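The structure appears right after this line, and notes come after that.
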Amino acid sequence: MLDCLSLILVVAVKVFKKTTPNGKVTVYLGKRDFIDHVDYCDPIDGVVVVDTEYLKGRKVYSQLVTTYRFGREEDEVMGVKFTKEMVIGQEQVVPLINSKMELTPVQEKLLKKLGPNAFPFTFNFPEMSPSSVTLQPAEEDQGKPMGVEYCVRTYVAESEDQKSHKRSSVTLAIKKLQHAPASRGRRLPSSLVSKGFTFSNGKISLEVTLDKEIYYHGEKIAANLIVSNNSRKSVRNIRCMVVQHVEITMINSQFSRHVASLESREGCPVTPGASLSKTFYLVPLARSNKDIRGVALDGHLKEDDVNLASSTLVCDGKCPADAIGIVVSYSVRVKLNCGTLGGELVTDVPFKLLHPAEGSTERQRFNAMKKMQSIERHRYENSLYANEEEDNIVFEDFARLRMNEPE
Amino acid sequence: MAANYSDDIGPMGYPMKLVSSEIVEHMLGWNIPEEHQEMVHEHWRNYPAVNKYWHFCLGFIYSLLMIISLIGNGTVIWIFSTSKSLRSASNMFVINLALFDLTMMLEMPLLIINSFYQYPVGFQLGCDIYGIIGSLSGIGGAITNAVIAFDRYKTISCPLDGRINKVQAYLLILFTWIWAMPFTVLPAIRVWGRYVPEGFLTTCSFDYFTDDQDTKVFVGAIFIWSYGIPMSLICFFYSQLFGAVRLHEKMLQEQAKKMNVKSLASNKEDANKSVEIRIAKVAFTIFFMFVCSWTPYAFVALTGAYGDRSLLTPHATMIPAVCAKVVSCIDPWVYAINHPRYRAELEKRIPWLGVREQDPDTASERASVATAQSHTPNAEA
C-alpha cells in the first residue's frame with residue numbers, strides 16, 4: 001500500500017491551472033519554469049478549456065507577453081511609463097487553426113482527460129528573449145519590482161485586435177530560466193596583477209584562482225590568493241567579495257552589488273619581501289542580501305524559491321553584448337589594502353553562477369534537497385487533490401500573480 | 001507737483017469723498033501725501049488718476065485669485081505633506097512650489113486694501129512688504145520650476161539610481177530660497193535698487209524707471225537672474241529629458257526587433273509616438289506657463305529701463321502682475337492634479353469632490369492590460 005502511494009506520487013504529473021474571473025475559460029500549464037538550454041528552449045505547452053456555448057462565435061486567443069520594468073512606478077511622472085509590454089507570441093486557440101499540431105505528452109494527457117472542450121496551444125520563446133530576472137526592491141518601494149517578466153495571457157474576443165475584458169481574460173505568470181551546461185568544464189579562472197608605487201621600487205603581485213568556473217546556487221566558492229610582496233610597502237588587510245554585475249540593456253545602464261564579502265587581517269601585514277598564500281571561502285546567497293536594493297534575483301513567483309539571478313549565458317555564435325533584457329554576471333573581487341599612501345590593489349576574476357543542468361547528478365542532489373523542504377507541503381496538497389488523481393494528474397491552482405491583483 | 005494733490009480734503013478724507021460727491025480730474029499719485037511723494041516716479045504723474053471702478057475691478061479679480069490660490073495650493077500642501085504615499089523627494093519640490101505660490105497669495109489681500117484706498121497703504125513700508133513678497137515668491141517659484149525640471153530629468157534619464165534623495169532634495173529647496181534672496185533683500189535695504197509703486201500705484205515692485213546706471217544694471221541683472229537662467233535651465237532639462245526618453249524607446253524597439261515582435265508592430269509605433277508626444281505636451285505646458293507668467297513682467301521692466309516708456313501706461317503695467325498671479329493659481333493644477341496618487345488621495349479625503357480616480361496600483365494594471373490590447377491607455381477606465 002505504501003509502495004503504491006509512493007508510485008503515484010512519482011508518476012503523477014503536476015499541472016497548474018487558472019480560471020477567468022467569470023469562470024468560463026480555464027488555462028492549464030504543465031509547468032511554470034521553462035528552461036533555456038542555450039541551444040534550444042522548452043516550449044510553453046498548455047491547454048485551454050472553454051465553455052463553447054459561452055463563446056457564441058467569439059474566439060479565444062492566447063499571447064506570450066514579456067514585460068520589462070526598468071523604473072519604479074512611483075517615479076513615473078509626465079506620462080512616462082517605466083514598463084514595456086511586448087507580445088512575443090500570439091495564437092488563436094479556439095477554434096483550433098492547426099489541427100495537426102504536434103502535442104507534448106502533457107498536452108495529450110490533458111486533452112484526454114479534459115474532453116472535447118479542451119484545446120491545446122504551444123508557444124516558443126524567441127531565440128534572443130531574455131531570462132526572467134527580478135531586481136530586489138527596497139523596503140520602502142511601492143508597486144511592482146523591476147525586472148523582466150513573462151506571462152501567458154488568454155482572452156476571449158471577436159477578433160485578434162479587439163480589446164479583452166477583465167472578466168473573460170486570465171494571465172498566468174511564468175519564468176524563463178537558464179541552467180548550467182551538462183559539464184562544468186575544467187578551466188580554472190584566474191587573474192594575476194601587480195602594482196608598483198610612485199616613490200619606491202618594487203612591486204606587490206597578487207594571483208587569484210577560483211576552484212571552478214561554474215558554481216551552482218548555494219555552493220561555496222573557494223578563492224586561492226597568492227600575495228608576494230617585493231616592494232617596500234606592506235599589505236595591511238585583504239578584502240574578498242562576490243560582485244554581481246547587473247546590466248539593464250533597455251536603458252543602457254549598469255550597476256554592481258556586493259552579494260558576499262569577507263575582510264581579513266589574518267597573515268597581515270604582509271611585510272616587504274614576504275608572501276602569503278591563503279584561501280577565502282564565500283557563499284553568495286539571496287537570503288543574506290535581503291536588505292540590499294537592486295540585487296538581481298531569478299524571477300520569482302512564490303516567496304520560497306528565491307535565489308540570486310543566474311549568470312546570463314549566450315550561445316556560442318553570439319556576442320555577449322547582444323544579450324538583451326537584464327544581463328547578469330559575477331566576479332570575485334580581491335582588494336589588497338597597501339596602507340594610506342600605497343592605495344589598493346584590486347583584481348576581478350569572473351565566474352558563473354547557475355542551477356545545475358536537468359538530469360545531471362548534481363541536479364538530482366539539488367532536487368532532493370528541495371524536496372526535503374517541501375515534502376510536507378506536497379503530501380498536504382496531494383491529499384487535497386486526491387479526487388482528481390485518477391489520471392495521475394495533480395491540479396494546482398495557479399498562484400495569484402500578485403497580491404494586489406484585482407479580482 | 002503740489003497742484004496734483006491740492007484738494008483740500010487731503011488723503012484721509014478720500015474714502016468719505018468717494019461716497020459724497022463727484023471727483024475732480026486728478027493726476028495719478030495725487031492722493032499720496034507730500035512726505036511720500038518721492039516714492040512715485042514722475043512717469044506716472046503724466047497719467048490721469050485711474051478710475052475707481054478700475055481699482056474695484058482689480059480688487060475683485062485679486063479676491064477671486066486669492067480664493068483659488070488658497071484652495072489649490074492649500075490642498076496641495078495639505079495632501080502632499082500628510083499622506084504617506086506622496087512623501088517622496090520629488091514631491092517635496094511640488095510642496096515648495098506651492099509654498100512660494102502661497103507666499104505670492106499674501107500679496108493679494110494687500111492689494112485689495114490698497115485698491116480700496118487707491119494708494120499704497122503704509123506707503124514706503126507697505127510698498128517694501130509688497131515688493132519683498134512679490135520678489136521672493138516670483139524668483140523662488142521660477143527657480144523651483146527649474147529644480148522640478150532637473151529632478152524629472154534625473155529620475156527619467158536614469159530610473160535606477162538617478163533619483164534625488166531626501167538630503168539632496170532639502171539642499172535643493174534651501175538653494176531655491178537662497179536663490180530668491182539677493183533680489184529680495186537688496187532692494188528692501190536700499191543697497192541696490194528699491195521697491196516703488198507701479199501701474200495704478202497700488203502694487204509695488206522693484207524700480208525700473210530711475211534714470212541711473214545703478215537701476216539699469218539692476219534691471220539687467222534681475223532679468224538674467226530670475227528669468228533668463230531659470231528659463232534656460234527649464235529648456236535644457238526638458239530637452240535632455242526628451243532625448244533620454246527617445247533613447248530608451250529606441251533601445252526598447254531594437255530589443256523588440258531582436259525578439260521578432262511582429263504582432264501589433266504598427267500599433268507599437270503609435271504607442272511609442274504617444275509617449276514622446278505626451279512628454280512634449282507636458283514639457284511645453286510648463287514652459288508656456290513660465291513664459292506666460294514672467295515674460296510680461298520682463299518686458300515691462302526692460303522697456304522701463306531701456307526702451308520706449310510711453311508704452312507703459314498704468315493699465316498696461318497691471319497686466320504682468322495679474323499674469324504672474326494667475327499662473328501661481330494654475331501651478332497646483334499642472335503639477336499636482338496630473339499626479340495619479342494625488343488624485344487618488346484627494347478622492348479618499350474629499351469624496352464629495354467627485355474626483356473619480358482609481359487606486360493607482362490597480363489603475364496601472366488595467367492600463368497596461370489595455371495598452372497591450374489596443375494601445376490606448378485607460379481605454380477601459
Side-chain angles (χ1 to χ4, degrees), chain A residues 63 65-90 125-130 135 140 142-144 146 153 155 157 160-166 169 171 246 248-255 293-294 322 324-325 401-402 404-406, chain B residues 85-86 88 90 148 151-152 155-163 238 241 244-245 247-249 251-252 254-256 258-264 267-268 271 274-275 277-279 281-283 286 338-341 359-362 364-374 376-377 379-380:
Chain A
Q63 290 178 326
V65 181
T66 175
T67 308
Y68 285 1
R69 175 163 273 287
F70 46 90
R72 268 165 302 195
E73 219 168 333
E74 55 191 290
D75 289 344
E76 289 175 345
V77 280
M78 300 174 67
V80 175
K81 284 256 176 271
F82 289 138
T83 41
K84 203 73 188 175
E85 274 198 0
M86 287 183 251
V87 178
I88 51 179
Q90 172 129 10
F125 284 104
E127 200 183 322
M128 286 297 292
S129 55
L135 299 184
E140 73 271 13
Q142 301 156 341
K144 279 164 265 173
M146 291 182 249
R153 183 186 294 142
Y155 61 96
E160 207 172 304
D161 303 327
Q162 206 201 15
K163 130 187 131 188
S164 63
H165 286 280
K166 195 117 202 101
S169 56
T171 305
V246 181
I248 302 185
T249 58
M250 43 272 201
I251 49 169
N252 203 9
S253 73
Q254 51 197 14
F255 60 88
R293 195 184 144 240
D322 282 343
I324 59 174
L401 197 56
R402 273 162 219 105
N404 57 4
E405 191 183 48
Chain B
S85 63
L86 287 165
S88 72
S90 308
I148 290 175
D151 171 59
R152 288 180 164 182
T155 13
I156 288 179
S157 67
C158 15
L160 290 169
D161 32 21
R163 190 160 80 150
Y238 280 117
L241 185 153
V245 170
L247 183 74
H248 292 174
E249 290 295 327
M251 295 183 98
L252 282 165
E254 269 168 27
Q255 302 211 354
K258 275 188 188 165
M259 287 195 286
N260 287 324
V261 179
K262 46 188 181 288
S263 60
L264 303 167
N267 280 352
K268 192 134 225 119
S274 78
V275 170
I277 285 176
R278 236 179 306 159
I279 290 168
K281 263 189 201 159
V282 177
I286 287 162
N338 278 335
H339 203 301
R341 278 182 200 279
D359 192 325
D361 291 330
T362 61
S364 68
E365 190 133 344
R366 293 176 65 125
S368 69
V369 169
T371 322
Q373 302 311 328
S374 61
T376 47
E380 285 185 282

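Given the structure is predicted, the values throughout are model-derived calculations rather than measurements. Naming convention: chains lettered A, B, ... in sequence-line order (proteins, then strands); numbering from 1 in each chain.
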Proximity breakdown for [X] and chain A, heavy-atom pairs closer than 4.5 Å:
{"X": "A244(B)", "result": "neither"}
{"X": "I156(B)", "result": "both"}
{"X": "S90(B)", "result": "neither"}
{"X": "L241(B)", "result": "side chain"}

- Item | Those residues that, when tested against A157(A), pass side chain to side chain contact (heavy atoms under 4.5 Å, CB included) (two or more places apart) | Y61(A), Y155(A), Q162(A)
- Task: Mind checking side chain to side chain contact (heavy atoms under 4.5 Å, CB included) for V246(A) and listing every partner two or more places apart, or none if nothing turns up?
- Result: L135(A), Q244(A), I248(A), F255(A), A296(A), I326(A)
- Checking side chain to side chain contact (heavy atoms under 4.5 Å, CB included) for the pair Q255(B)/M128(A): CA distance, chi angles, key distance, verdict? CA-CA 9 Å; Q255(B) 302 211 354; M128(A) 286 297 292; over 6 Å; no
- Message: Taking every non-hydrogen pair under 4.5 Å, which of P130(A), G71(A), P126(A), G294(A) racks up the most with chain B?
- Response: P126(A)
- Message: To the closest 0.5 Å, what do you measure between CE (M251(B)) and CD1 (I251(A))?
- Response: 9.0 Å
- Item | Segment of F70(A) engaging chain B (4.5 angstrom heavy-atom cut-off) |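 Both parts, backbone and side chain.
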- Message: Report which part of T67(A) has an atom under 4.5 Å of a heavy atom belonging to chain B: side chain, backbone, both, or neither.
- Response: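 Looking at T67(A), nothing touches chain B.
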- chain A: which of V245(B), L252(B), I286(B) shares the most heavy-atom pairs with it under 4.5 Å? L252(B)
